[in-house]
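Everything on this sheet refers to the single structure shown next.
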Amino acid sequence: MASHTTSQTYDVAVIGAGVFGAWTAYSLQKSGASVVLLDAYGPANARASSGGESRIIRMGYGAAEVFTRWSMHALPLWKELFAQVGRPELFQQTGVLWIAHEGEPYALATLETLARAGTQFEKLSHEDLSRRYPQIVFDSDSWGIFEPQSGVLMARRAVQAVVAEAQKFGVAYKAEAALTPSGDGRLKEIATANGSTISAASFVFACGPWLPKVFPELLGGRIFPTRQEIFFFGVPSGDTRFAPPSMPTWLQMRDEFYGMPDLESRGFKIAHDHHGPLVDPDAQSRTATPEAITAAKEFLARRFPALKDAPIVESRVCQYENTSSGDFLIDRHPSFENVWLVGGGSGHGFKHGPSAGEYAAARVTGKTSAALPIDPRFSLATKQTMQQRAVF
Ligand SMILES: Cc1cc2nc3c(=O)[nH]c(=O)nc-3n(C[C@H](O)[C@H](O)[C@H](O)COP(=O)(O)OP(=O)(O)OC[C@H]3O[C@@H](n4cnc5c(N)ncnc54)[C@H](O)[C@@H]3O)c2cc1C
């Protein structure tokens, strides 16, 4: 392809149109900046971490109150955007059920945080759980937390809606892969794989699991992309027990599995939250492994016995982009005064897209968001080279 240079200099170039980059571009444009948004493979593409069908939005985060508050801030912004584009179905208010066991510290801390933050929730006893959800097998020491306002974001389509809306407000979108910038100080432009150059006053690299490939020296040992496998099981014909309102979205804390009810007749979704092996997001195989299939079927038969013979109707393979702790990375590049790094969603970032975008836009423009004050959790300095997951 012939190389060319855009004559326009944008206020901000955002590289990566996953959930973080899309919302950052949207927030910046709404604040009055001129923005160009690039993606190598397309907004919420099949390789991206945001490219799944569905993602949970919940308020519970143990003692990590900042994430409860970010999530509470994000949900109305998601709903507002979906209303604006006439697609309210991109949020499904299924409710979210935490299935805990006696003495589980994370769940106990969640109760306290939810109460302090003033969000709606119910504490459920073992008896309540068994009465409400007879289709689930609970251990005798199980108890629950139910978040009635929470649910599921239809992820891939939600990001595409944000990008389309951002374009309506004036964001220029380009299907381009940015090359790693070189030098230091003030970056004037970036080159793309097609041979173009893009000039801007500031640059935001929101490249998700690709961040360690774009900045290998800086982030190679600080963001860990791990393979994650997801399964959709076909529910028996006419059986409403596995669809809303009978079945909420759930997180089974003892087994580290989570799942969603049958939405849009796609199937009953389950996934293991345990981090898989390190992978390359460009090249990893997207075919499910026999081990993960066996583990998912074993879990399903044990906890949802009516689905023990349910067929897998779809599988997806994605990657988490973990930081050492699970805290996001939203900070300036140490070598460039006008380059920002936005990522490290760590398997729980999707729901926070609107908050991450607002926070990142405020950092880039030198403002502070009253609702989302600067937090050292999101700094590069707190990102270690050893994984010690602390945020779930
Ligand atoms: C299986 C799975 C389940 C999850 N479940 C949940 C959940 O239930 N709830 C929740 O809140 N979160 C969840 N997450 C986490 C969440 O999906 C991610 O944290 C989030 O999507 C990350 O978004 P991102 O924008 O940082 O990255 P991505 O979505 O990966 O976007 C990065 C984009 O950058 C582009 N790009 C990369 N390099 C370049 C380049 N050089 N030039 C141009 N473009 C480039 C890519 O093409 C890509 O589109 C889950 C993640 C996975 C994988």
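As the structure is a computational prediction, the values presented were derived from the model and not from experiment. Side chains are part of it too, since the values below use all heavy atoms of this structure and drop only hydrogens, waters and symmetry mates.
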So Asp39 and Lys174, salt bridge (charged side-chain N to carboxylate O under 4.0 Å, His left out) or not? Walk me through it. CA-CA 7 Å; Asp39 201 288; Lys174 292 180 192 295; over 6 Å; no
Would you check, one step at a time, whether the test side-chain hydrogen bond (donor to acceptor under 3.5 Å, both in side chains) holds for Glu176 with Ser196? CA-CA 9 Å; Glu176 295 261 20; Ser196 309; 3.2 Å; yes
Which residues satisfy the ring pair (Phe, Tyr, Trp, His ring centres under 6.0 Å) test with Phe233, sequence neighbours excluded?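 Phe233: no ring pair (Phe, Tyr, Trp, His ring centres under 6.0 Å) contacts found.
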Who are the ring pair (Phe, Tyr, Trp, His ring centres under 6.0 Å) partners of His274, not counting sequence neighbours?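 For His274 the ring pair (Phe, Tyr, Trp, His ring centres under 6.0 Å) partners, ignoring immediate neighbours, are His272.
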Hydrophobic cluster (4.5 angstrom, side-chain heavy atoms) - remaining members for Val85: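 Via sub-4.5 Å side-chain contacts, Val85 links to none.
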Between Arg303 and Asp139, does any NZ, NE, NH1 or NH2 come within less than 4.0 Å of an OD or OE carboxylate oxygen?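 Arg303 and Asp139: salt-bridged.
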Would you say the side chains of [X] and [Y] form a donor-acceptor pair under 3.5 Å?
X	Y	result
Tyr320	Asp273	yes
Asp327	Ser325	yes
Thr226	Asn322	yes
Ser246	Thr240	no
Thr119	Gln149	no
His275	Gln228	no

Quiz item: cation-pi between Arg69 and Phe67, 6.0 Å / 45°: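 Verdict for Phe67: no cation-pi partner in Arg69.
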Distance under 6.0 Å and angle within 45° of ring axis: Arg87 vs Phe82: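 Arg87 over Phe82 ring: no.
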Determine, step by step, whether Asp282 and Lys213 satisfy the salt bridge (charged side-chain N to carboxylate O under 4.0 Å, His left out) criterion, reporting the C-alpha distance in whole Å, the side-chain angles of both residues, the deciding distance to 0.1 Å, and the verdict. CA-CA 10 Å; Asp282 285 303; Lys213 294 187 83 173; 2.5 Å; yes
Linked, directly or transitively: Trp70 and Met72 (ILVMFWY side chains, under 4.5 Å):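 Yes, same cluster.
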Show every salt bridge (charged side-chain N to carboxylate O under 4.0 Å, His left out) that has at least one partner inside residues 328-343, sequence neighbours left out.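 Qualifying pairs, neighbours excluded: Arg186-Glu337.
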Start with the C-alpha gap between Arg132 and Glu122, add the side-chain angles, then the distance that decides, and say whether salt bridge (charged side-chain N to carboxylate O under 4.0 Å, His left out) holds. CA-CA 13 Å; Arg132 281 200 202 180; Glu122 272 180 87; 2.4 Å; yes
Output side-chain donor-acceptor pairs under 3.5 Å for residues 151-159, partner residues at least two apart or in another chain, one line each.
from, atom 1, to, atom 2, distance (Å)
Arg156, NE, Glu53, OE2, 3.0
Arg156, NH2, Glu53, OE1, 3.2
Arg156, NH2, Glu53, OE2, 3.1
Arg157, NH1, Glu264, OE2, 3.3
Arg157, NH2, Glu264, OE1, 2.8
Arg157, NH2, Glu264, OE2, 3.1

Would you say that more than 12 heavy atoms from the other residues, nucleotides or ligands in this model lie under 6.0 Å from the CD of Glu298, or not?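 Yes, the 6.0 Å shell around CD holds more than 12 heavy atoms from other groups.
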Could you note down all residue pairs passing ring-ring contact (aromatic ring centres under 6.0 Å, His included) where residues 147-201 supplies at least one of them, sequence neighbours left out?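 Non-adjacent pairs meeting ring-ring contact (aromatic ring centres under 6.0 Å, His included): Tyr26-Phe169.
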Is it true that His348 and Phe392 have ring centroids separated by less than 6.0 Å?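 No, they do not, as the ring centres are separated by 6.0 Å or more.
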